[in-house]
2 protein chains.
Amino acid sequence: MSSVTPRGAATPAAATRMRSEDRRELVLAAATAVFGERGYFGATTDQVAKAAGVSQPYVVRMFGSKEELFLAVVGRALERLLATFRSAIAEAGPAGSSGVTAVTDRMAQSYAELLADRGLLLSLMHGFLLGTEPVIGERMRDGFGQIYALLRDEAGLSPEEARVFLADGMLLNTLVSLQLAREVDTDAAFAELLACALPTKLDLIRGLGTAR
Amino acid sequence: MSSVTPRGAATPAAATRMRSEDRRELVLAAATAVFGERGYFGATTDQVAKAAGVSQPYVVRMFGSKEELFLAVVGRALERLLATFRSAIAEAGPAGSSGVTAVTDRMAQSYAELLADRGLLLSLMHGFLLGTEPVIGERMRDGFGQIYALLRDEAGLSPEEARVFLADGMLLNTLVSLQLAREVDTDAAFAELLACALPTKLDLIRGLGTAR
DNA sequence: GTCTATAGGGCGATAGAC
DNA sequence: GTCTATCGCCCTATAGAC
């Protein structure tokens, strides 16, 4: 499949030799998944290390501390979220040109697609719930402000339209994290809610709920 | 102020002698506040104990384990939430009778008032984000299902109306937890969003944001 | 019923070899 | 750059006195 370096063979699990930048990205992706599931406090640097196939002290060394690792995770998540929204806006044009629903629908679709990036949106969500943490809270307020500014200034949404869009996003995060899809086959009410909240993405959510 | 028992004087801080049921309620209220701020993993039984003015081992003894304490907290929170909604429905009548907005507005007002109970809604919110936890996750799915069932069957909302109501609630929780109100005076965008998301409750939120 | 003392385990971070 | 070994703290839970 992928190229194996001359030194190969003795290196850990999934990770054969690679550029340090790639390895940093690998650890960030692993950390995103772990923080997304258990939150900042619930996740351990050892869980991240095992998920990335490196040693626990190396994870800490790489980022300085667990808190800085979390800040890097949410920073990266925010970057991707904003970039994805900008692509959507570029495709659909801002709200002024061809109606509001063109942009919001396109952005909502982008948002749902970001769910495929395991833990990315849920790491942000966990962060949003830690507003009283001195460092993390400040960072999350700033990030939330960037999202709101994009919706207003770049997507061209009104305050009310932006509010509704954000509310839908928060519900989506909650439903995914709750893994409601787990009982979608046995609970008619959950099936009804999910069908309503995720018109076209039921299969995607179902996949996320079971793949553990 | 309140009655002091004969033994008084030597007992801890805020808590003079009281019935064990009252003390259990005191600990539950303290735990609700702590779990609401830091979540299940971030909260420690010692923080709960200090907030309640009792010893840490006593908190554990009382509920068996930290996990059972959390389950008691979210169980109590859910009870109160459902009871509050039922009062609102009783006052406004279900959606069929006098239009949908009568019930939803009354329930939304009730919901905002529950924010005064420190940590009650945020403990639930933290729980919703732990859907992958075996015991807690199952309990939270069940609780969420109860809320949805109430909105549909008792409040008489359509699936779409229930979805919008839930989405607004999730955004409200997020904004409160983020403590966006903290910067409402220096950040015009935050002020705009909060004014839009919390039409009549800006002062309430402001109070929550600063009182720490 | 409630406390003090403490055991036992896990976690983040550091030291130092390779 | 990455690992192994390990320290020291903090946290949950138990034991046992009052």
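Every chain is numbered from 1, with letters handed out A, B, ... down the list of sequences.
Along DNA chain C, the nucleotide nearest A:F41 and the nucleotide nearest B:R61 are compared for position; the residue whose nucleotide lies closer to the 5' end is B:R61.
Residue A:M125 holds its CE atom at 5.5 Å from CE of A:M170, rounded to the nearest 0.5 Å.
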Quick one: which protein N/O atoms are closer than 3.5 Å to N/O atoms of nucleotides 5-11 of chain C? Pair and distance per line, please.
none

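Straight-line distance from the CD atom of A:E25 to the C1' atom of D:dG1: 18 Å, rounded to whole Å. Atom CE of B:M62 is separated from atom C1' of D:dT12 by 17 Å (rounded to the nearest Å). Protein atom CG of B:L69 is 12 Å distant from nucleotide atom C1' of D:dT12, rounded to whole Å. Taking atom NZ on B:K50 and atom C1' on D:dT12, their separation rounds to 14 Å, with Å as the unit.
A salt bridge links B:E138 with B:R141; the closest basic N to acidic carboxylate O contact falls under 4.0 Å. Checked for salt-bridge contact, B:E79 and B:R76 miss the test: no charged N lies under 4.0 Å from a carboxylate O.
Each of C:dA13, C:dC3, D:dA13 was ranked by its minimum atom distance to the side chain of B:V54; first place goes to C:dC3.
Using cut-offs of 30° and 60° on the angle between ring planes, the pair B:F70 and B:F35 is perpendicular.
A side-chain donor-acceptor contact under 3.5 Å links A:S123 to the backbone of A:G119.
At least one cation-pi condition fails for B:K66 and B:F41: the charged atom is not both under 6.0 angstrom from the six-membered ring centre and inside a 45 degree cone around its axis.
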